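Just below is one structure, and these are the notes that go with it.
The basis for the numbers below is simple: all heavy atoms, side chains too, and nothing from hydrogens, waters or symmetry mates. Naming convention: chains lettered A, B, ... in sequence-line order (proteins, then strands); numbering from 1 in each chain. If you're wondering where the values come from, they're calculated on a predicted model, not measured in any experiment.
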2 protein chains.
Amino acid sequence: MQIDGVDQRIIASLVADARASYAEIGARVSLSAPAVKRRVDRLRAAGVIRGFTTVIDPAAVGWSTEAFVELFCTGRTTPAQITVATRRHPEVVAAYTVSGEADALVHLRAADIAHLEQALERLRAEPFVTSTRSMIVLSRLVDSPTVVPAPT
Amino acid sequence: MQIDGVDQRIIASLVADARASYAEIGARVSLSAPAVKRRVDRLRAAGVIRGFTTVIDPAAVGWSTEAFVELFCTGRTTPAQITVATRRHPEVVAAYTVSGEADALVHLRAADIAHLEQALERLRAEPFVTSTRSMIVLSRLVDSPTVVPAPT
DNA sequence: GCTGAAATCAAGAAAAC
DNA sequence: GTTTTCTTGATTTCAGC
């Protein structure tokens, strides 16, 4: 799909504030509110905009312990296997296949260390996991929403 | 701040769809629209709700190459130093101090491998960085928004 | 404290152009 | 793309639990 500079500026506005009104966004990009709505509808239909969500303070809802776990898997493990296995665990925030020593990197979030340990044990019990290496998050230094490069 | 089960269900609704109307959320949690708005305002003021954002398909916007980089730093490096250094680079999506071998973990997003390499070189040029270990993301398997535990 | 109801005002949706 | 119109939701005020 074709995205022009105006679309990128609309996206940047929505990333900064998903509840901004169409008129408000229109004022920023020099467009009328209906024109903005049509572009947003088009971007949603095309899958560029996947949805609108809310940024929560993880500590406030109780799950404040995070870790990144490198997974080392058996030779014949497929990404699909890792996907279905990790999706089963509610503590998995994100998972990626990666280059380097490890086969996958899993981002975990749990209530506390005990909960994290329990989630990790469940992960390690997956049949294709040969070993893991964990990095427990001590503090979050930077956390930006999706980067939207400036229109050129 | 005190968060009850109704607050958690409101938060869950807003994480699922930040543009849901107060009446719509109210129907889910059995509350009137003004009551929902008052709770949302309170949660925002308390910092539990940090903001509303939009989930973008990173590929559509052009920055589709990702990597996780472990930073190994000199002995006297403070988290604050890492914070200011990583914030300077627009490619840094997130950064954490971690336990384990590495001192910090940096999540990078760039347009392509060349761009990623360039960002990595800039990171490695920071005076406190002694070495790095990179994991380039091959594919994203799981990507969930902030977990909101179910009210008990 | 909290809530719901009603009135006012702004925003969204769908025409016409 | 804009402007107009109509409908819907947001927001304030006020009274009741």
request  = Give a yes or no on whether a salt bridge exists between Arg44(B) and Asp41(B), defined as a side-chain N under 4.0 angstrom from a carboxylate O.
outcome  = no
request  = Send over the distance from Asp41(A) CG to dA13(C) P, rounded to a whole Å.
outcome  = 7 Å
message = Assess, by modelled atom type and distance only, whether the side chains of His107(B) and Glu91(B) contain a donor and an acceptor separated by less than 3.5 Å.
response = no
request  = Indicate for each nucleotide in nucleotides 2-9 of chain C, in 5' to 3' sequence, whether protein heavy atoms under 4.0 Å reach the base (B), only the sugar-phosphate (S), or nothing (-).
outcome  = -BBB----
task = Search all heavy atoms of Gln2(B) against all heavy atoms of Asp7(B) and return the closest pair with its distance.
result = O-OD2, 4.0 Å
Spacing of Glu24(B) atom CD relative to dA11(C) atom P, expressed in whole Å = 19 Å
Lys/Arg N to Asp/Glu carboxylate O, Arg39(B) vs Asp4(B), below 4.0 Å = yes
inquiry  = Between P on dA10(D) and CZ on Arg44(B), what's the gap in Å once rounded to a whole number?
reply    = 14 Å
Phosphate-side-chain proximity, Lys37(B) and dT11(D), N/O vs OP1/OP2 below 4.0 Å = yes
message = Rounded to whole Å, how long is the line connecting atom OH of Tyr22(B) with atom P of dA10(C)?
response = 16 Å
request  = In whole angstrom, give the distance that lies between atom CZ of Arg19(B) and atom C1' of dG9(D).
outcome  = 12 Å
message = Whether Arg19(A) engages the ring of Phe52(B) as a cation-pi pair (distance to the six-membered ring centre under 6.0 angstrom, angle to the ring normal within 45°) should be assessed.
response = yes
message = Regarding Thr97(A) and Ser139(B), do their side chains bring together a donor and an acceptor under 3.5 Å, going by distance alone?
response = yes
